[in-house]
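Notes to accompany the following structure.
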Amino acid sequence: MASTTTIRPRALVRASGGPRYAVALAVDALGTGLLRPFLLLYGVTVLRLSAPVTGIAMTAGVVVGLVCMPAVGRWLDRGARSTVVAASMLVRVLGVALLLAAPAGHVWLFATAALFLGIGNQAWPAAHAALVATVAHGRDRDAALAAGRALRNAALGVGALLATACLAGGAAALQSLAAVTGLAYLAAAALAWSVRLRARPAAAAATDVTGGPAPRMRALLAANVVYVFCLNVPEIAVPLVLVTQMHASPVWPAAVFVANTVLVVTLQVPVTVLLSRFSRRTVLAFAGVLLAASYLGFLAATSLGPGWGVPAVAVVSVVCTMGEIVYAGSATALVTALAPARLLGRALARFQLSTGFGLAVSPAVITALASHGPAALWGSLSTATLLSASAVADRRVRRRRRGATQRGNNMYSQ
């Protein structure tokens with residue numbers, strides 16, 4: 001098994017789509033960081049909508065945006081790459097334009113804007129992964145996907161910091177941030193489109209040795225819905241526990257979020273490269289074990305009470321972030337390795353459906369479990385994640401057994 005053992009920045013940029021595409025990713029993420037964390041605040045402050053109505057509109061936009069994924073998958077399988085990435089950015093320009101045009105109290109325009117933003121946010125990960133999979137191969141592809149995530153998190157963090165510094169300006173500042181976000185999306189779309197990258201479906205079909213349909217990946221997709229909860233732990237679960245249950249200062253969840261971002265930016269590529277000596281499925285199962293252990297760590301930390309419990313939660317969050325890094329470095333890479341080249345788009349679209357669904361339901365599930373106490377929250381998350389990890393690992397064991405059986409049958413038939 002080939003493995004990537006060194007990190008070469010120039011080769012990594014080329015494997016990620018090239019310098020222009022890297023700039024497009026950074027600009028797009030910077031714009032997203034300016035607005036997405038404050039979209040709820042935009043609806044409440046600028047459009048004067050109630051918080052529940054705003055939240056429902058945003059959730060509906062995310063969920064309905066998932067409906068576009070089958071079409072995105074088919075588009076990718078026809079060979080489109082940079083065009084789909086650019087389209088995912090352009091549709092968000094339309095969403096921002098609707099935000100700026102919406103008058104106060106107009107919930108339907110806000111909901112439509114959230115829908116277009118949701119479509120772009122859902123379509124982008126699959127399109128980006130397909131583009132990287134066309135440029136890079138093997139473990140270089142895994143490292144390139146990890147580099148894209150690190151770059152995106154860095155730009156998102158910078159955008160969020162800039163937006164936070166501007167929030168003192170009130171409604172006018174939020175409208176200005178939205179306008180800058182729209183311009184950033186437009187510039188990123190132009191840069192991504194200028195890459196002019198396409199796959200060749202006919203060549204992929206001719207060289208594909210499997211000749212079969214795309215793998216169903218049912219266990220992987222079901223497990224991914226649970227794994228994805230880890231992405232919302234630093235943003236939802238940890239602040240909920242620290243502030244509402246342990247009565248800690250808001251500085252603590254802010255510090256946890258900043259630490260999460262810094263760790264992802266600095267360690268995503270090195271950890272992915274380090275673990276490339278193991279199979280992707282083994283690494284993904286290990287990520288589940290690591291996440292489940294961190295959830296049990298949160299449960300133990302909360303039992304210490306407000307005194308020592310608060311810094312203990314912050315320490316355990318580092319373990320959770322490491323689990324997130326291992327998960328993010330292996331999950332999409334596993335899908336790109338499993339899917340036949342001619343059906344890569346549809347496989348990635350189905351994977352994004354599971355990711356989007358997990359992200360959509362996790363806030364409601366986390367808050368509902370947290371209302372029943374730390375044991376219900378962390379115990380349930382740990383159990384579900386361990387079961388998901390075992391399902392991922394079990395698939396590998398069954399494949400080994402089938403291979404051994406087939407080799408035995410071939411031996412006896414000779």
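No experiment lies behind these values; they were computed from the predicted model shown. Because only heavy atoms are used, hydrogens play no part in the values below, and waters and symmetry mates are left out as well, while side chains stay in.
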Check whether any side-chain N or O of [X] sits under 3.5 Å from a backbone N or O of [Y] as a donor-acceptor pair, and report yes or no.
X      : Y      : value
Thr181 : Gly31  : yes
Asp77  : Arg346 : yes
Thr367 : Ala364 : yes
Thr261 : Phe257 : yes
Arg198 : Arg81  : no
Arg48  : Val44  : no
Asp140 : Ala136 : no
Ser362 : Phe229 : no
Ser371 : Ala368 : yes
Gln122 : Leu66  : no

| query | Does the side chain of Asn121 come within less than 4.5 Å of Arg36's, by heavy atoms? | reply |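 They are in contact (side-chain heavy atoms under 4.5 Å apart), so the answer is yes.
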| Can you find a heavy atom in the side chain of Tyr295 that is under 4.5 Å from one in the side chain of Val233? |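 In short, these two side chains touch, coming nearer than 4.5 Å.
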Tell me the ring pair (Phe, Tyr, Trp, His ring centres under 6.0 Å) pairs involving [range], sequence neighbours left out?
range            : result
residues 296-335 : Tyr227-Tyr327, Phe298-Trp378
residues 42-100  : none
residues 144-197 : none

| query | Quick one: side-chain hydrogen bond (donor to acceptor under 3.5 Å, both in side chains) partners of Asn153, sequence neighbours excluded? | reply |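 Listed in chain order: nothing, the list is empty.
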| task | With sequence neighbours left out, write down each residue that passes side-chain hydrogen bond (donor to acceptor under 3.5 Å, both in side chains) with Thr54, or none if nothing qualifies. | result |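 Checked Thr54 against side-chain hydrogen bond (donor to acceptor under 3.5 Å, both in side chains); zero matches.
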| request: Only one of Val265, Asp28, Val264 passes side chain to side chain contact (heavy atoms under 4.5 Å, CB included) with Arg152; say which it is. | output: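 Considering Val265, Asp28, Val264, a side chain to side chain contact (heavy atoms under 4.5 Å, CB included) with Arg152 is found only for Asp28.
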| task | Could you pull out all residues at least two apart from Asp142 that satisfy salt bridge (charged side-chain N to carboxylate O under 4.0 Å, His left out)? | result |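 With sequence neighbours excluded, Asp142 shows a salt bridge (charged side-chain N to carboxylate O under 4.0 Å, His left out) to Arg139, Arg280, given in chain and number order.
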I need the [X] [atom1] to [Y] [atom2] distance, nearest 0.5 Å.
X      : Y      : atom1 : atom2 : answer
Phe38  : Cys166 : CZ    : SG    : 9.5 Å
Thr59  : Leu359 : OG1   : CG    : 11.5 Å
Leu151 : Leu12  : CG    : CG    : 10.0 Å

| request: State, to 0.1 Å, how close Ala312 and Ala301 come at their nearest heavy-atom pair, and which atoms those are. | output: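 So the minimum-distance heavy-atom pair works out to CB-CB, 3.6 Å.
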| task | Establish, from distance only, whether the side-chain atoms of Glu324 and Asn260 form a donor-acceptor pair under 3.5 Å. | result |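 Side-chain D/A pair, Glu324 to Asn260: present.
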